[in-house]
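In what follows, chains carry the letters A, B, and so on, assigned in the order in which the sequence lines appear, proteins first and then strands, with residues in each chain numbered from 1. Only a predicted model underlies this, so the values are computations on that prediction, with no experimental measurement involved.
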Amino acid sequence: MKPVATTRSAAGIPTGLLAVWWIVASEIVIFGGLLAAYLMYRLSHDAWAGHAANTNTAIGTVNTFVLLTSSLFAVLAHQAAEKGDGKKAARFLLFTIGGALCFLMIKGYEWNYEISHGMTITTNTFWSFYYTAAGIHASHVIAGAIIMAVVAKDAAKGLELQRVELIGIYWHFVDVVWIFLFPLLYIAK
Amino acid sequence: MIQSYLAQGSTYAGDIDFLFDMIFWIVGVWFLISSGVFFWLVFKFRVSGNEGTAQYITGEEKSQKRWITIPHLLVLVCDVFIIWGAVRVWYDIKQHLPEPDREVRVITQQWAWTFVHPGQDGNFDTADDIHTVNELRLEKDAVYHYHLTSNDVMHDFSVPVFRLKQDAIPGRVITGWFTPTLLGEFDIQCAEICGIGHGLMPARLVVESAADHAAWMTEQSPVKFAAVAPQVGEN
Amino acid sequence: MTRQFSIIRVSRGVLLACVAWVALFAASQASANDMARGKQLYALCAQCHTENGMGAQLYLAPAIAGLDEWYVNAQLLNFRSGIRGTNWQDVGGLRMHPMSRWLKSDEDVSAVAAYVSAMPKVDPPAVVEGGDPVTGKALYATCASCHGPEGQGMKTMNAPPLVHMSDWYLVSSLEKFKAGIRGWNPQNTNAVMMRGMSNLLPNEQAIKDVVAYITTLNVQEQP
Amino acid sequence: MAELIPTQPDPGHEDDHHHGEQSFVSKYLLSTDHKVIAMQYMFTGMAMALIGGFMAYAFRMQLAFPGMDVPFFGIVTPANYVALVTNHGAIMIFWVAMPVLIAAFGNYLIPLMVGCDDMVFPKINRLSYQVFLVSAIVLLSSFFVEGGGFGGAWTTYPPLSAKAEYNLTPLGSSLFIGAVGIEFIAFLLGGINFITTAMNSRAPGMKLYDIPMVIWMIVIASILFMVSVGPLLAGAIMLIFDQQLHTAFYDPNRGGDPVLWQHLFWFFGHPEVYVVLLPAVGITAEIITVFSRKKLFAYRTVLNTAIGTGVLSFCVWAHHQFISGIDPRMANVFTLTTLLISIPIAEMMFVYIATLYGGAIRLTTPMLWALAFIFEFLIGGVTGIFLGASGADIYMHDTYFVLAHFHYTFFPIAIIGTYAGVTYWFPKMFGKMMSDRLGKLHFWGTIIPFNFIFIPLFFLGAGGQHRRIYDFQNFPALAGEGMQDLRILATVSLVVMLGFQVVFFYNFIISLMRGEKAGKNPWKANTLEWTAESPPPHGNWKVLPTVYRGPYEYSVPGREKDYWPQDEPN
């Protein structure tokens, strides 16, 4: 039994939406702090451009494409949920999860390659940032995929369809973080 | 006010004391007025039990808001004075660097101070450098530049009689200045927590006349170490 | 100064009562025996030298468990007065110098020394590599005249034991003696002598060799 | 999207909050009821306060009587000393002030004061407490691992905090940072509920300016916390990596920068002061209006000053770093912003003093605490000016003056604010009145020694004595006879003050058992929580209230009663 509080909407914004934006805002400042620190270091260390040259831009580009595609599926899932089609929404969410898994596998291959070539988290501060930032991002991808699986399970039964939009917002956020990480870690050389 | 606790040992100690006094009087007056009004109101409008009726004042009207906006503008005026005083002193001590007569290198580590005088040739990293541990000897009335470094963690070079304080950061050399004006022996403290020995990291400052200092420099040259331990086991 | 503190005078009564309370505890403290006091004070030492006196190289703290009492006592006094550990290049010594000053009275120093010497001896893990005990044995002949053939030390010669000692510490001490980072202070006569002796070891390798030999002497003492 | 939200049911039909007999565990430990979670936070906070107070006792005894065998503690080694001061600071801020002021009062008051039956996300609320409890356990466990508790100050500056060879606590330092990080996550989770409940679940008719000030303050504090804590969380992950994986984010020898941590820490650390200040200010607003029977002077001004303070608090962090080797030119900017923050804070104080004018002031125990908050915080505020002025800070930095200053802000916030709130809402929380006589005894027994602890420390600071020095006998020129007397005075006062806390706990328990029964509204207050039963049942009201006016309509001319509850139609 839900409390009445959950059903009210005095500010005119759905409560779930408000909560997701709160989470996204707090995540933005976390990544903001990390990336601001990275930028400060990067600007004062010219040598980092050399380290950054060792990253694999091709893999990064593929991963960007994979994440963007998964975000597209999240949008389609939201559209389906708007129309009340829970089954379709769940199917699109599964595609999104597939994108997440694909992203993680490519990431795993990339890290494996880099670590076996002697570029580890302790090699230098560039690589420390590289693994820390991408690692925190990857943990968000994993968390997002798990939550999406839960949401998809309910959505397939036509329950809690508003959550499809909420997890979609979170997923777009994860995507946007990568859009920032990709140029900062891979492209800027 | 500070000078009643601690002598003024450098050229800028007086400036800091003056700034402190200025702020003390400004905020002191504010504090007395606000707490006076506060206690007067509590005293005047107190009732016993559940007696008495209160007035209905919203505080939203201009004539009522005046009571807080005017003091608040006055606070702003006082702030301007304080900022002016603070920036003036700050500029003199930290931002501008007068030409030095002498230089001294201050090396901090867990939990000791090493002071390096360049010796007779006036250059650091030569054979006649004078290293002293936990004792800094200075010449009165000479403009000194200090070069502060740390070998491990953050420390803070604090000389209360000089009113000087500067963090030492590993990997950086921070340069500042002071001019001792008072003969005698004083304390140097570490003012940034640096591990379990932080409280056991005192050093002595000895300010001596130019002649004494020159004699000491000659005596110490080229390499000789001071073993200085402030008296323990007393009190 | 006195004017500001007039408030103190008013509260002297409170203070006196409190001081009496403290004196009560101080009295109980004095009656405690030396060993208990030593154990209590060792709490600080344990931070680096560890609870069982094994030491920790990370903290530049050598093994001290079971060292001779006279030696621990003398070194603590040396550290405290600054005869040892106040060379500007002696990183470990500069940490030990302030720490030793935590022991305010000579009684406290001897209490800690008694406690440390009563600790069961330990065999710290060997970390120094590349030493040849065979060459070391020949070099050790000189050392043996004071430190004893078994490295057990000789009080009459003011020579501390070398067995059950962290090998990295023996190496770093010999290096410090050679470089004049230890034994620079003429008041520390034993260290000055040792500084001379250390010069008989011609190089880094010789130091490692002799330490490698000393570690072979680390046999458990017969009960 | 909106059509997916069920339409709001008529509150009249939503009354069947019937629960059968519940086991102790599900009722008190795993409950999702906001009031139970609030109590969990409050009692955990109080338990941590006792631990933090005990730490203060141990190191103050050492300062007054160096080398003594402290009763109930033992000998305080330099390593114990730094660990004690470090954890005392962290506990009092993160595990006492935050859980009690924000989480306990926030959880208890927000649903009751905005007129709904629970938090919006009760399970997230329960989770936030469980995460918080884990953080407290992790922190306390750091004392029992090899090397002992972390001793590098609550500011945890690297490289001291980053490397075991410097701090000598290989596990303690990581547990400390980890505990703080987990605690932050607990409060980010809690913030979800505070924001959504206050914004979305208000009773019908409650407009933004009808929200009681304490709710506004908790909401603003939660936002401040959320915005400021992110960079520090990222920094904490980097610091733990430095400790355990030996990365070099803060290691200057390998391309890192230790000053980065200071920026991340103080970018959080300064707003954090306002995060805990604002709820205490809000509590004070509720109490002084009720007990002077006055409308809050210029409600919107108070709200604006709180928002202004919050915004400005993000622009002042480097005043903690004046002498930390930052660019000296930056100090001038931060002096300017720091002194500007005196404007909204001073205005807030003026508003409170103005509220007293023309009132009918009843000096009950909660009112005494609220008045003491205003007065003591005033001292904390004016002494801050010395430190914000860069020139004077060169001398004052890291002296006892700083310490006395921030205890004059944090003590009123965390302790006085808490006691004000607890004594005021006790009748609501437990349905019994607290003894006013014992309450006043406890009040004077706390306030007088408090001033005798910290006023001497201002003099010590002016005398150039530094914080975190465990024994001043090593500084012959600084540790004069008079100075030691001041330290003894402070310590004796502390022991007296701690002793008087027994009165509070006695009063708490005796009132709980034998206190006079409190009606719904013993203080004749306006806000919604006083229209519920005391203590409120699960679900708070049978019929959820509707709001018709602002919360501070006291002594309205032409009305018979001198209060006008928010839910009374006319």
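- In this structure, the portion of B:Leu19 lying under 4.5 Å from any heavy atom of chain D is its side chain and not its backbone.
- Each salt bridge (charged side-chain N to carboxylate O under 4.0 Å, His left out) pair with one or both residues in residues 173-198 of chain B, not counting sequence neighbours, appears once here: B:Glu185-B:Arg204, B:Asp187-B:Arg204.
- Contact of D:Leu336 with chain B is made through backbone and side chain together, with heavy-atom distances under 4.5 Å.
- Centroid-to-centroid, the aromatic rings of D:Phe386 and B:Phe20 come within less than 6.0 Å.
- With a 4.5 Å cut-off on non-hydrogen atoms, D:Gln484 does not touch chain B at all.
- Note that CD1 of B:Ile82 and OG of D:Ser342 are 7.5 Å apart. Values are rounded to the nearest 0.5 Å.
- Between chain D and the options B:Val161, B:Asp17, B:Asp79, the largest number of non-hydrogen pairs under 4.5 Å is found for B:Asp79.
- Neither the backbone nor the side chain of D:Phe150 comes within contact range of chain B, judged by heavy atoms closer than 4.5 Å.
- Contacts of B:Ile83 with chain D are made by both backbone and side-chain atoms, with heavy-atom separations under 4.5 Å.
- Between the side chain of B:Gln166 and the main chain of D:Ile323, a donor-acceptor pair closer than 3.5 Å is present.
- Contact of D:Leu296 with chain B is made through the backbone alone, with heavy-atom distances under 4.5 Å.
- With a 4.5 Å cut-off on non-hydrogen atoms, B:Gln110 touches chain D through its side chain but not through its backbone.
- There is no contact between D:Asn253 and chain B, counting heavy-atom distances below 4.5 Å.
- At a 4.5 Å heavy-atom cutoff, the contact between B:Ile57 and chain D is made by backbone and side-chain atoms alike.
- From B:Arg88, atom CZ reaches atom CG of D:Asn332 across 13.0 Å, with rounding to the nearest 0.5 Å.
- When heavy atoms are compared at a cutoff of 4.5 Å, B:Ile23 approaches chain D by way of both its backbone and its side chain.
- The salt bridge (charged side-chain N to carboxylate O under 4.0 Å, His left out) pairs that include a residue from residues 164-177 of chain B are B:Arg172-D:Asp257, where partners are two or more places apart or lie in different chains.
- Neither the backbone nor the side chain of D:Pro344 comes within contact range of chain B, judged by heavy atoms closer than 4.5 Å.
- In this structure, no portion of B:Asp92 lies under 4.5 Å from any heavy atom of chain D.
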CA sep, side-chain torsions, deciding dist, call: D:Thr301, B:Thr69, side-chain contact (heavy atoms from CB on, under 4.5 Å)
CA-CA 10 Å; D:Thr301 307; B:Thr69 43; over 6 Å; no
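- Taking all atoms of both residues into account, the shortest heavy-atom contact from D:Pro258 to B:Ile169 is CG-CG2, 3.9 Å.
- Side-chain rings of B:Trp90 and D:Phe322 approach one another, their centers coming within less than 6.0 Å.
- Using a 4.5 Å cut-off between heavy atoms, B:Val159 makes no contact with chain D at all.
- For the atom pair CD1 of B:Ile26 and CD1 of D:Ile385, the computed distance is 9.5 Å after rounding to the nearest 0.5 Å.
- Heavy atoms closer than 4.5 Å to chain B are found in both the backbone and the side chain of D:Met396.
- The environment of CH2 in B:Trp67 is sparse: at most 12 heavy-atom neighbours from other residues, nucleotides or ligands sit within 6.0 Å.
- Only the backbone of B:Ile188 comes within less than 4.5 Å of a heavy atom in chain D; its side chain stays farther off.
- Listed options B:Thr58, B:Val75, B:Val89 were ranked by heavy-atom pairs under 4.5 angstrom with chain D; first place goes to B:Thr58.
- To the nearest 0.5 Å, atom CG of residue D:Asp398 and atom CG of residue B:Asp156 are 7.0 Å apart.
- Contact count versus chain D (heavy atoms, under 4.5 Å) is highest, among B:Ala191, B:Ser34, B:Cys194, B:Cys190, for B:Ala191.
- For D:Ala346, the part lying near chain B is the side chain, with the backbone staying farther off; criterion is any non-hydrogen pair under 4.5 Å.
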Under the criterion side-chain contact (heavy atoms from CB on, under 4.5 Å), I'd like the reasoning laid out for D:Ile343 against B:His72: C-alpha separation, chi angles, the key distance, then a yes or no.
CA-CA 6 Å; D:Ile343 307 269; B:His72 139 225; 3.0 Å; yes
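- With rounding to the nearest 0.5 angstrom, the OG atom of B:Ser158 is 3.0 Å from the NE2 atom of D:His466.
- D:Pro158 approaches B:Met154 most closely through the heavy-atom pair O-CE, 3.7 Å.
- If you measure heavy-atom distances from B:Phe162 to chain D, you find no contacts under 4.5 Å at all.
- Residue contact with chain D, scored on non-hydrogen atoms closer than 4.5 Å, involves the side chain of B:Ile16 exclusively.
- Most heavy-atom pairs under 4.5 Å with chain D, from the set B:Gly85, B:Ala54, B:Gly199: that is B:Ala54.
- The contact between B:Ile68 and chain D is made by backbone and side chain atoms together, counting heavy-atom distances below 4.5 Å.
- Under the 3.5 Å distance criterion, with hydrogens and angles disregarded, no donor-acceptor pair is assigned to the side chains of D:Asp562 and B:Thr53.
- Using a 4.5 Å cut-off between heavy atoms, D:Ser292 contacts chain B through its backbone alone, with no side-chain atom that close.
- Residue contact with chain D, scored on non-hydrogen atoms closer than 4.5 Å, is absent for B:Cys78.
- Under a cut-off of 6.0 angstrom, the local environment of CZ in B:Phe18 is sparse, with at most 12 non-hydrogen atoms contributed by other residues, nucleotides or ligands.
- Ranking B:Asp152, B:Val37, B:Leu73 against chain D, the residue ahead of the rest is B:Asp152, based on heavy-atom pairs under 4.5 Å.
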ring-ring contact (aromatic ring centres under 6.0 Å, His included) between B:Tyr56 and D:Tyr554: does it pass, once the steps are laid out?
CA-CA 7 Å; B:Tyr56 185 76; D:Tyr554 293 103; 9.8 Å; no
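- Of the listed residues (B:Glu61, B:Met22, B:Arg46, B:Gln55), the greatest number of heavy-atom pairs within a distance under 4.5 Å of chain D belongs to B:Gln55.
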